[in-house]
Amino acid sequence: KYDRNNDNNNTNLSLDVLDESKWTGFESLDEVEEFGRNYYHGVLNAITNNEIFNINSTFPNKYLDTNVSITVNGVTTNGLLDWIKYHNSGMNHIKQCYMADFHILSWIPYSFAAKYTISVIFSNEQKCVNHGTVSMIMSKKDKKIMTAVSTSDNSSYLNMIQSMPRPK
């Protein structure tokens, strides 16, 4: 502890050590799983409920860093605004979606990998199940996603492409 009346204080201490509000990364498997599930539930519920986001919306600002980079099946968004535009553009294609399974494969304080199963009903009433994996890297300053790469397994991806509504 710093004592301003003591000349023997170690003035080389990093301010990060003294800043107790700084996020120090995930501390348990339960914490990682809760974060991942809550993020996916939030995204999928927003899609099902046709929730359009803007730059001030609570959900994306809670989970995504301003400079986030997210790649989903080869489509990359760079920055929070780009992700919001991508999210909002998908509203017309999906009628309902929910997470059937989410399982952490590995984790360390600032990143994790998981596998998921998402059930989807498209606006044309076609149904499919999306099995895939995601790897996420978190910001070291706060509990937000910096980078995420999500990939469906091949058969899920092909089934989704076949099932999606076609532009008229």
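The chain is numbered in sequence order, starting from 1.
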Determine whether [X] and [Y] make a side-chain contact, defined as any pair of heavy atoms from C-beta on separated by less than 4.5 Å.
{"X": "Val120", "Y": "Val129", "answer": "no"}
{"X": "Lys95", "Y": "Lys127", "answer": "no"}
{"X": "Gln96", "Y": "Phe122", "answer": "no"}
{"X": "Trp107", "Y": "Ile104", "answer": "yes"}
{"X": "Gln162", "Y": "Leu158", "answer": "no"}

Given 3.5 Å as the limit, does a donor-acceptor pair link the side chain of [X] with the main chain of [Y], or not?
{"X": "Asp65", "Y": "Asn67", "answer": "yes"}
{"X": "Arg37", "Y": "Phe35", "answer": "no"}
{"X": "Asn124", "Y": "Ser163", "answer": "yes"}
{"X": "Ser57", "Y": "Asn54", "answer": "yes"}

Mind checking the [atom1]-[atom2] spacing from [X] to [Y]? Nearest 0.5 Å is all I need.
{"X": "Ile145", "Y": "Ser69", "atom1": "CD1", "atom2": "OG", "result": "11.5 Å"}
{"X": "Ile84", "Y": "Ser89", "atom1": "CD1", "atom2": "OG", "result": "12.0 Å"}
{"X": "Glu51", "Y": "Asn88", "atom1": "CD", "atom2": "CG", "result": "9.5 Å"}
{"X": "Leu29", "Y": "Glu34", "atom1": "CG", "atom2": "CD", "result": "11.5 Å"}
{"X": "Ile70", "Y": "Thr147", "atom1": "CD1", "atom2": "OG1", "result": "8.5 Å"}
{"X": "Asn45", "Y": "Met99", "atom1": "CG", "atom2": "CE", "result": "9.5 Å"}

Give me the atom names and distance for the closest heavy-atom approach of [X] to [Y].
{"X": "Asp82", "Y": "Thr77", "answer": "OD2-CA, 3.3 Å"}
{"X": "His103", "Y": "Glu33", "answer": "CA-OE2, 4.5 Å"}
{"X": "Met146", "Y": "Met138", "answer": "CG-C, 3.8 Å"}
{"X": "Asn61", "Y": "Ile55", "answer": "ND2-O, 2.8 Å"}
{"X": "Cys128", "Y": "Met160", "answer": "SG-CG, 3.4 Å"}
{"X": "Lys62", "Y": "Lys144", "answer": "O-CG, 3.7 Å"}

Quick one: do [X] and [Y] end up in the same hydrophobic cluster if we chain Ile, Leu, Val, Met, Phe, Trp and Tyr together by side-chain heavy atoms under 4.5 Å apart?
{"X": "Phe112", "Y": "Leu105", "result": "no"}
{"X": "Leu80", "Y": "Ile52", "result": "yes"}
{"X": "Ile118", "Y": "Val149", "result": "no"}
{"X": "Tyr157", "Y": "Ile121", "result": "no"}
{"X": "Val68", "Y": "Leu81", "result": "yes"}

For the residue pair [X] and [Y], categorise the inter-ring angle as parallel (less than 30°), tilted (30 to 60°) or perpendicular (more than 60°).
{"X": "Tyr39", "Y": "Phe59", "value": "parallel"}
{"X": "Phe53", "Y": "His87", "value": "parallel"}
{"X": "Trp23", "Y": "Tyr110", "value": "perpendicular"}

Under 3.5 Å, is there a donor-acceptor pair linking the side chains of [X] and [Y]?
{"X": "His131", "Y": "Thr117", "value": "yes"}
{"X": "Ser150", "Y": "Tyr116", "value": "yes"}
{"X": "Ser156", "Y": "Asp153", "value": "yes"}

So, do Tyr63 and Trp83 have ring centers that fall under 6.0 Å from each other?
->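 They do not qualify: ring centres at least 6.0 Å apart.
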